[in-house]
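What follows is one structure encoded as C-alpha cells, with my remarks underneath.
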Amino acid sequence: MKKKAVLALFTAGAVTGGLLSTKAFAQVEGELTPEQEMKLVQEFNRMLAEGINPGEVWYEVGKDAIKKYNLDKCDLGLGPGVFKGAAAQLPRYFADAGKVMDLETRVGWCLQKHAGMTQDQVLKLVRQCWGKTGNCVSEYDGIIMYLTMESNGHKINVNLKDPQVKRMYDIGRQAYYARIGPWDFNCATCHAGKQEVRIRATRLWSADRPGEAGNAVSIFPKYLVRWGLPMTMHYRYAECMRQMRWPEFIPHSDLAVALSAYLYGTANGTEIKAPGIGR
Amino acid sequence: MDRRKFMALSALAVVGFTLAPILQPAFGSTPRLEDELQRRLGVRLAQIKEVADIKLTAPTIAESGANVPITVESTIPIDRVEHLWVFVDKNPVPWIADVKLTPMNGQVYFSTRIKMGETSNVRAILKLKDGSYVMATKEVKVTAGGCG
Amino acid sequence: MAIGAGILRVPKEAKKGEIIRVQMVITHPMSPPRKDPTTGQEVPPHTLTKLELLFNNKPVSTVNMGAGISANPFMAIALKVEESGVVKIAYEDNKGGKWERTAEIKVS
C-alpha cells in the first residue's frame, strides 16, 4: 500500500481525481488499439532510459560500503577482491561454503565471514529498504549495484557443466513451474510459454522464448521509478512470491540460489547492463 | 463508502464522463493553472501563444505518473529568451519548475522527469526578451501499469 | 551518503563554441506535504528548491523547483563552452541542505 501512497497523494481531491482518471482511462481504452497502446508504453520506457539512471548513484554507495564491511576480502569465485566480471559467472559452486551460491547469497556469506555479522543482521540489512519509497538508500543495495556494474559488458556465463550448478538449475526450473499457494500460481503463469502473455499494455517476457530471460535478468538491479530505488534480484523474487501468495521468501535461501541458477543459466550469453530502469 | 454513496458517485462519474469532453476541450485551462499563471507570470493562458518552434517531448502514455520524462527544446535563439516554465494543468500544484536562461546556455534545452497525478496537459512556456510569452502543449495520459 | 548526493556528468572534451548537455541526478525524496497514514499528522514537504548552474564561476542558469519533480531528480541543461573549465552545480532544499558538485571539461 505504501507504494501506492505517493500516487494517491497526487489524486487528492479523490472525487474529482477519480472522475478525471476514469475519463482518461476510458479515452485510452476507446481510442487506441492494444497494439498502439503497447507501442506507446514502449516509447515511455525508452524515454525513461534516456539520461542518467538514478540507480547509478548506488554504485558509489556500494564502493564505500565494500570498504566499510571488509568485502575487499570477499571471493566471488575469481579470487578475493577480484570483482571485474565476477558477477557474470554466478551462481557457481564455492568449496569454502560447500554449496552453490548466487551473487546476493555470496555477499551475505561474506558479510558473515568478513564483517562478523550474524545471519539476522545480514537479512535486516538486505531488507532495509523493502516496502519503502522516496528516499531509502541501503548499503546492501549499493554493494549489489557496485558488484553487478563491475560486470557490465561481460556476458553471463553460468557453468552448467558443473553437476552442483546443474542440480540447482534443475531445482530452480522445478520451482519456476511449480503450482503452489492458495492461488495455484507460479512464475511460469506469467513468464513462460511460446504464447504471448500481457498485463495491460505490457508484453511479459518468457523463459521459453530465446533471449528473453537474458534481457530480463541482465538489467538487475533495476531502478524502479515508482519507488525511487533499485530493486535487487532477491527483492524481485520476494515481490513475485508475495504477489503469487507463496510462503514468505527468505533472501539468500537455497530457493533463491536455485531460481538464480535457472534464470541466469537460461540467460547465458547475455551481456550485463546494470542498472536497468522501469516503472 | 456505502452502497448509496457509491451509486451516487457512479452516476456522477457517468455525467462527468459524458460532459467532460464538452466542459474541458483538449487545450482548455483549469482554475488552478490560471491562478498559478497569474501569480508566477502575471498572464492568463489565453495570452500565451502556442508556437511551433518550441518542441515539448513527453510520452503520450505514461505507465507511472511518478516519473514522466519531458524535454523542452526550442529553435528560438537563446538571446531572445529569458525564462522557461513547466506546468501540469491538473496537478494539485500545476507549477513544476522554472529555469532562468542566459546566452551562456547556447540553446533552449531542459530535460527532467516530473510527477503527474492524472492525465493532463503538460505545458512548456517561454518568456521572451520582448516581454511576450509563447508555449508548447502536450497531453500525457497517465495509466496504471502492469504487474509490480 | 544519502540525501543530496548525486552525479554530475559532462563530456570530457568538447570543441570551442560547442553546445553540450550538462546532465545530473541528485538523490532527494522530493516529497510533497502529506498526512502520515498511521498518525494522521501533517508531514511537511521535503524538496529541492533551487539549483544553480555555473561555468568557471559565471552563473549560467537557475532552476527553481518543488514536489512536482520526481524523486531522485534527473535534469539536463544546455551549456555553450568557449573555454576549458569547471562546470558547477550548487543546490539546496527547503530544510537548509546545501550541496555542490563539479565536473571538468577540456575545450579545444
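Labels below follow one simple rule: chain letters A, B, ... track the order of the sequence lines, proteins then strands, and each chain is numbered from 1.
Around the CD atom of A:Gln121, the shell of radius 6.0 Å holds more than 12 heavy atoms that belong to other residues, nucleotides or ligands. With a 6.0 Å radius and a threshold of 12 heavy atoms from other residues, nucleotides or ligands, C:Gln41 has its CD atom at or below the threshold.
From C:Thr27, atom OG1 reaches atom CG of A:Leu229 across 12.0 Å, with rounding to the nearest 0.5 Å. Here the CG-CD1 distance, from C:Asn72 to A:Ile52, works out to 12.0 Å after rounding to the nearest 0.5 Å.
Residue contact with chain A, scored on non-hydrogen atoms closer than 4.5 Å, involves the backbone of C:Met24 exclusively. Proximity to chain A (any heavy atom under 4.5 Å) is shown, for C:His46, by neither the backbone nor the side chain.
Counting only heavy atoms from C-beta outward, the side chains of C:Val25 and A:Glu56 never approach each other to under 4.5 Å.
Put simply, of C:Pro73, C:Pro29, C:Ala76, the one with the most heavy-atom pairs under 4.5 Å next to chain A is C:Pro29.
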